[in-house]
Amino acid sequence: MNYRVPLTELRFALHVNGRLPEILNLPAYQEVDSDTVHAILDEAAHFAEQEWAPTNRTGDLHVAKLSGCNVHTHEDLQRAYQSFCETGWAGLRAPTEFGGQGLPSLVSAACEEMWCAANLSLSLLPMLTIAAVDTLSKHGSEAQQQTYLPKMCTGEWAGTMNLSEPNAGTDLAQVATKAVPQEDGSYRVTGQKIFITWGEHDLAENIVHLVLARLPDAAAGVNGISLFIVPKYLVNDDGSLGERNSVQVIGLEHKMGIHASPTCTLQFDNALGYMVGRAGKGLAYMFTMMKQARLNVGIEAHAVAERAYQNALAYAKERVQGRDVSSDNPQAVPIIHHADVRRMLLTQKATLAAQRALYVRTAALSDLASHCEDNVARKQYERELDLLVPLIKAWLSDNGVVLSNLAMQVFGGAGFVEETGVAQFVRDVRITPIYEGTNGIQAEDFAGRKTTAKDGALPLSLLQEGADLAMQLHETDAYSAANILSAIDVAQRSIAKLVEWSGQPEKIGAAASVYLQQMGLTLGAIELMRGVLALRSGSLKDELDLSDDFCTAQTQIFQAYCAYVLPQVHGLYEQIVGSETILDVALDNF
């Protein structure tokens, strides 16, 4: 089936969880109003549904191909990306001084869901480019910004992130690519980078590679890594493209999914490069790009699962099989009448709602951390953002795999057949738990210093906020409120256990992934509850023109989440308590 953007759900989440009115009141965005945001979402939805979604299957069937040192993509993707750039979507949240529209990250995140659901492979290109824009706008010199950002903000030039090498995956301390200084202030970069998404292609005029490398006298470890701009084509003084740089693709990965996206091995052979910022600060600078990319990876997984759910729902409504056991009618019925199918669909629907609410909250924190004028409040927003980014990346991407598999299960045998389309979603989404630092790495970051700092004060404050909301909910929905308070209680006990294990990273590592799942489920419930409480306000219903059916559905989905999805936290807590046994098993016994 065709993709339908869940516009009402997105608008609702932006206002309630994303604090849209507060975001638009920031000095950076006071020229933007809610009507403008809604109009942008409408146009983005039309573009995603009409321009990009039809290319998803095409890209899967017609993979990117390597010919010599050039990569060629299908003409349908070329047209779709050109249209994306011409209509201004590439620069949605890019700085206005370089030709972008300067809109909030919150609005951009909602559009990101649309692009990723429409065509995940293609969406990776502008996602990486705008993340590279973020990095250069924060850390690049004025000359570098003037040279590269105007074309990158329009999408005419693309950006990449070059970290991994054959011997340096997660452990970037092993980066071996060298950068030798030249008399004119430039550098000659030599080395090999692997798994470079959209590292070579024919959709943009130029590709601006951001590359981690070492100076000849650099210290060992991550403190010796610097960041360099290495463009595919050199740029002349007048801004025109010059000769091709000595960086070339030497191989494409043959991947399980995201076939339209070329994942490249790049060889830098004395390529001309330019240092960004100061020597030895490369990894810190690259984290600007990685933080945004991690948030986007969570959105990617969520978006693919949303589209998979839509396909499963449509199939369940039209596929006739078996009779309704709750009725004496012997006639066969659509499979959505069957309880187990409804279980699978509702698990998807409720979890997607919680994910959307939580990622939207996190995107809003990005705007508040960048533009809030109150220094104390801005620091708090930064801390919350740093806490939630690994959670969004890992919880949403783990769920993306689970939910897409549930969608396939709804299809039964037809789901295992490529022609129905749902198999592509399962294949495509599987990369997201691996992207931008595997989910185990995200979990250790989240459970370690992010949680245990100041005896768990930050996550405990988020849980307390949820407990306060649950007390408000108790007046109208005591059962759901009690379930949330119970989940908060076990989360608080889990935090206490992690604080107890501070200084023992192996114990925290054993419990980390389970703890992250527990907190995702709990914070997701809190954000869903925030929405249900907001519906008590008739003004919000009128402002967003919400139907009675939508309001009823939101309440029922929330209640189903609390009754059926959220109770997993209790088993997860028992796993946290028992996680030390993982370390008791001798390595020889694995």
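Hydrogens, waters and symmetry mates play no part in the numbers below; they use all other heavy atoms, side chains included. A quick note: this is a predicted structure, and the numbers were derived from the prediction, not measured.
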- Item | SB check E418 R427 (cutoff 4.0 Å) | yes
CG (L391) and CG (L516) are apart, to the nearest 0.5 Å, by 5.0 Å
Smallest heavy-atom separation, G400 atom then V429 atom, equals O-CG1, 3.8 Å
When rounded to the nearest 0.5 Å, the distance separating CD of Q292 from CG of L128 is 11.0 Å
Contacts satisfying ring-ring contact (aromatic ring centres under 6.0 Å, His included) that involve residues 392-426 (not counting sequence neighbours) are Y315-F411
Q.
Using 30° and 60° as the class boundaries, would you call the ring planes of F268 and H209 parallel, tilted or perpendicular?
A. perpendicular
The complete set of salt bridge (charged side-chain N to carboxylate O under 4.0 Å, His left out) pairs with one or both residues in residues 282-298, sequence neighbours excluded, reads K291-D386
Would R356 and E527 pass as an ion pair if we require N to O under 4.0 Å?
-> no
Item to complete: May I ask you to test the K317-P334 pair for a side-chain heavy-atom distance under 4.5 Å?
Response: no
### Query
Does the side chain of Q192 reach to within under 4.5 Å of the side chain of L266, using non-hydrogen atoms?
no
Heavy-atom closest pair (L41 atom, C111 atom, distance to 0.1 Å) is CD2-SG, 4.2 Å
The complete set of side chain to side chain donor-acceptor pair (under 3.5 Å) pairs with one or both residues in residues 120-134, sequence neighbours excluded, reads R93-D134
Side chains of T73 and H201: is there a donor and an acceptor less than 3.5 Å apart?
no
Candidate pair Y435 and E300, rule side chain to side chain contact (heavy atoms under 4.5 Å, CB included), full reasoning:
CA-CA 11 Å; Y435 263 158; E300 289 167 13; 4.0 Å; yes
Interatomic distance, CG@L122 vs NE2@H74, rounded to 0.5 Å, equals 13.0 Å
Here the pair of heavy atoms bringing M152 nearest to A158 is CE-O, 4.3 Å
Hits for side chain to side chain contact (heavy atoms under 4.5 Å, CB included) against V341, two or more places apart or cross-chain, chain-then-number order -> A316, I335, H338, M344, L345, V410
We want to know whether D76 and T55 form a side-chain donor-acceptor pair, criterion being a heavy-atom distance below 3.5 angstrom.
no
| said: With a 4.0 Å cut-off on N to O distance, would you call E51 and R79 a salt bridge? | reply: no
- Are any non-hydrogen side-chain atoms of P6 and Q310 less than 4.5 angstrom apart? yes
Assess whether side chain to side chain contact (heavy atoms under 4.5 Å, CB included) is satisfied between L212 and Y285, documenting all intermediate values. CA-CA 10 Å; L212 292 181; Y285 297 153; over 6 Å; no
Got a donor-acceptor contact below 3.5 angstrom from the S246 side chain to the N270 backbone?
yes
Nearest heavy-atom approach of L528 to A350 is CD1-O, 4.1 Å
In terms of heavy-atom contacts, T362 and I392 come closest through OG1-CG1, 3.4 Å
**Item:** Residues T58 and N56: side-chain donor-acceptor under 3.5 angstrom
**Value:** no
Check whether any side-chain heavy atom of Q518 lies under 4.5 Å from a side-chain heavy atom of S494, and answer yes or no. yes
One should read off an interatomic distance between N162 CG and F228 CZ, to the nearest 0.5 angstrom, of 12.5 Å
Under a plain distance cut-off of 3.5 Å, with no hydrogens placed, do Q82 and Q78 share a side-chain donor-acceptor pair?
no
Please assess N167 against Q174 for the test side-chain hydrogen bond (donor to acceptor under 3.5 Å, both in side chains), listing each intermediate value before the final yes or no.
CA-CA 7 Å; N167 291 317; Q174 304 304 317; over 6 Å; no
Inset, instruction - Please check if the distance between the ring centroids of W52 and Y81 is under 6.0 Å. - result: no
Any heavy-atom pair between the side chains of I40 and V107 that's under 4.5 Å? yes
What's the verdict on salt bridge (charged side-chain N to carboxylate O under 4.0 Å, His left out) for E444 and R449, showing C-alpha distance, side-chain angles and the deciding distance?
-> CA-CA 8 Å; E444 290 193 18; R449 61 188 181 88; over 6 Å; no
In K178, R214, K193, the residue satisfying salt bridge (Lys or Arg N to Asp or Glu O under 4.0 Å) with E165 is K193
Does one side chain, of K393 or N439, offer a donor that lies under 3.5 Å from an acceptor on the other? yes
Applied to residues 340-361, the ring-ring contact (aromatic ring centres under 6.0 Å, His included) test, sequence neighbours excluded, yields H302-Y359
Within a reach of under 6.0 Å around CZ of R342, are more than 12 heavy atoms found that belong to other residues, nucleotides or ligands?
no
Side chain to side chain contact (heavy atoms under 4.5 Å, CB included) with L365: of L387, V389, L385, only one passes, and it is L385
Report task. Any chance you could lay out the side chain to side chain contact (heavy atoms under 4.5 Å, CB included) test for R343 and Q348, step after step, and finish with the verdict? Result -> CA-CA 9 Å; R343 172 192 66 84; Q348 293 170 71; over 6 Å; no
Taking side chain as C-beta onward, heavy atoms only, is T154 less than 4.5 Å from C85? no
Would one find more than 12 heavy atoms of other residues, nucleotides or ligands at under 6.0 Å from atom NE2 of H570?
-> yes
* To do: Please check if the side chain of N589 supplies one atom and the backbone of V585 the other of a donor-acceptor pair under 3.5 Å.
  => no
Minimal heavy-atom distance between A94 and I130, with the atoms involved, is CB-CD1, 3.7 Å
Query - Any donor-acceptor N or O pair under 3.5 Å, side chains N2, E49 - result: no
d(M114 CE, R307 CZ) to nearest 0.5 Å is 14.0 Å
Is R244 close to C69 at the side-chain level, that is, under 4.5 Å between some pair of heavy atoms? yes
- Quick check, are the ring centers of F446 and Y515 under 6.0 angstrom apart? yes
Distance col, row M161:CE vs W198:CH2, nearest 0.5 angstrom, shows 15.5 Å
Evaluate the side-chain proximity of S261 to T197: yes if any heavy-atom separation is below 4.5 Å, no if none is. yes
Hits for side chain to side chain contact (heavy atoms under 4.5 Å, CB included) against T135, two or more places apart or cross-chain, chain-then-number order -> H139, L210, L227, T288, M289
- Item | Test item: side-chain donor near acceptor, N296 and E112, under 3.5 Å | no
Let me see the working for T263 and K255 under side-chain hydrogen bond (donor to acceptor under 3.5 Å, both in side chains), right down to the final yes or no. CA-CA 8 Å; T263 303; K255 308 187 298 289; 3.2 Å; yes
Can you check side chain to side chain contact (heavy atoms under 4.5 Å, CB included) on K65 and L252, steps first, answer last? CA-CA 8 Å; K65 295 180 179 179; L252 293 184; 5.7 Å; no
